[in-house]
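Structure, as structure tokens:
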Number of protein chains: 2
Amino acid sequence: MTIEQKKQTKAAKVLDSLRHDIISGHFQPGQKLQMEDLKSQYNVGYSPLREALSRLVSYGLVCMKEQCGFSVAPLSMEELHDLYMVRIHIEIQALELSIQNGDDDWEADVTATWFKYKKCLNQAINNHIDPSSWDKLQKEFRFTLIKACQSPWLLKIRDMLNDQALRYRFICLNSYYRNKKVLNEFIKENENLVSAVLSRNTKTAVKLTQISWESSVKLITDAMQKNVIAK
Amino acid sequence: MTIEQKKQTKAAKVLDSLRHDIISGHFQPGQKLQMEDLKSQYNVGYSPLREALSRLVSYGLVCMKEQCGFSVAPLSMEELHDLYMVRIHIEIQALELSIQNGDDDWEADVTATWFKYKKCLNQAINNHIDPSSWDKLQKEFRFTLIKACQSPWLLKIRDMLNDQALRYRFICLNSYYRNKKVLNEFIKENENLVSAVLSRNTKTAVKLTQISWESSVKLITDAMQKNVIAK
DNA sequence: CTCTCCTATAATTTCGAAAATATTTGTAAT
DNA sequence: ATTACAAATATTTTCGAAATTATAGGAGAG
């Protein structure tokens, strides 16, 4: 329990927990989310639960059918491709704007977060893996790259698509963690991306992002065909 | 009360009503949404209300501050421009894909919905204005244009941005209804758009959409500066 | 044996009172 | 007069029982 969680409402807390538990795969895609179960699992009443679930419906992580309750949004090959297609568009748009609008402070910020993230990645190569700090730093780094875009709507939509995509990425996270070759590739790719961004080379930055994400889709597709998580 | 609203849950009904009442400006931007008031206005208890409001928070039409309740999302010049920037991008992407993927049935659909919509617009010129059918037909027409894009995520995001934008459009709707010159322009623009779409001329269709929307932004900007709805 | 309809059970959804928190009002001290 | 503090009021948030609706199981007719 962190210090800052004092005055949060129960609805907000259970929203965070649910989102995390869905993204991380604690609940299976498509799984029914029964009120009674959730109530005892999260130790809350009906109201905050329904509130959280309702928000996740709009957010796209949860489905609901009237009078038949809630369920975890399913994953599928088709959706994976659709999701990444839109996501690449949004992310690239944000990146372009960010490179265009970012000031000196932003450049410093990019450098700093990449420095931290890189350090974590290098430790991962030597088997010192800390998944939670990996996630945090990756998230921070990727957000810093685009946060100077000055478009609240782009950022909001990106957030949504990002959370969706994280569910798919979880399928093949283990291959990331273990494979040193993949990790080294990954570090190099990001290194190139950062230089392109800092030198305001929009075209290169966009192309690198596109390539990197398309290979992500490939990795996930392979993992999905092996696993039986989604046909 | 329409026929098909029998087995809807109260939360769903109040969600629709709230969305409509916010978009149409029945509630002022930024206005506080008090539970007691809403409860008596919509004749429901706390649970379905909070559920609907929660979904509208994720959707972007409602804001909420913990322990301080809900309020209507505010409008502003900055957001207008941000919104339309993103919206144009998404809509164009969807339009391109739709032109690319649409089959013969889709072409027929486009022709049919435009025929109906045009008829309604022509009646509007002769002062036979029916705002509700105007809205319905406009919505149907614009959706038909892009529905062949085969991307659920694009459609979902478009829906969200569309509803947001409708709030701004409401500010200057009266000038649309009354001004015959604007209406004639409008019909002509759409006529051109439909021909471009049907002849699969993606470039022209995109350009026409862009121009038409940029002039929309201008109209709204002017109206906002006159009205005092948002500074 | 299969299908339909009815009953029993289980789940979702809703209500309104109770708890928790914010806001306002009033009082006293500086 | 102004600030600080405290009581009173108003509002939001939560709980769990009650109402509504779906689902499963079983009896009877064809």
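Keep in mind that what you see is a predicted model, and the values were worked out from it rather than measured. Below, chains carry the letters A, B, ... as their sequence lines are ordered, and counting in each starts from 1.
Rounded to an integer number of Å, the gap from CD of A:Gln34 to C1' of D:dA22 is 12 Å. In this structure, the CG atom of B:Leu38 is 19 Å from the P atom of D:dA10, given to the nearest Å. Atom P of nucleotide C:dG16 and atom CG of B:Asn43 are separated by 10 Å, given to the nearest angstrom. For the pair B:Lys13 NZ and C:dT13 P, the interatomic distance rounds to 14 Å; values are reported in whole Å. In this structure, B:Gln8 places its CD atom 18 Å from C1' of D:dA22, rounding to the nearest Å. Taking atom CE of B:Met35 as the reference point, atom P of D:dT14 lies 10 Å away to the nearest angstrom. Rounded to a whole Å, the CD atom of A:Glu36 is 13 Å from the C1' atom of C:dT13. Rounded to whole angstrom, the span from the CG atom of A:Leu49 across to the P atom of C:dA11 amounts to 15 Å.
No donor-acceptor distance shorter than 3.5 angstrom exists from the side chain of A:Ser58 to the backbone of B:Ser58, with no hydrogens or angles considered. Proximity of a side-chain donor or acceptor of A:Gln164 to a complementary backbone N or O of A:Gly60 within less than 3.5 Å is detected.
Checked against D:dT23, D:dT12, C:dT14, the side chain of B:Arg50 finds its nearest nucleotide in D:dT12. Checking C:dC15, C:dT13, D:dC15 against the side-chain heavy atoms of B:Thr9 singles out C:dT13 as nearest. Proximity note for A:Cys68 (side chain, C-beta onward) versus D:dT13, D:dA22, C:dT14: the nearest is D:dA22. For A:Phe70, the listed nucleotide lying nearest its side chain is C:dT13; candidates were C:dT13, D:dT13, C:dG16.
Taking 4.0 angstrom as the limit, A:Lys10 places none of its side-chain polar atoms (N or O) nearer than this to OP1 or OP2 of C:dA20.
Residues A:Ile22 and A:Arg167 meet the side-chain proximity criterion, which asks for heavy atoms closer than 4.5 Å.
Residues A:Tyr46 and A:Gln67 each lie close to DNA chain D; by heavy-atom proximity, the contact nearer the 5' end of the strand is made by A:Tyr46.
B:Lys39 forms a cation-pi arrangement with B:Tyr46, by the criterion of a distance under 6.0 Å to the ring centre and an angle within 45° of the ring axis.
As judged by a 4.0 angstrom heavy-atom cut-off over every strand, B:Lys32 is placed among residues touching the sugar-phosphate backbone only.
Classified by interplanar angle (parallel below 30°, tilted 30° to 60°, perpendicular above 60°), the ring pair A:Trp213/A:Tyr84 is perpendicular.
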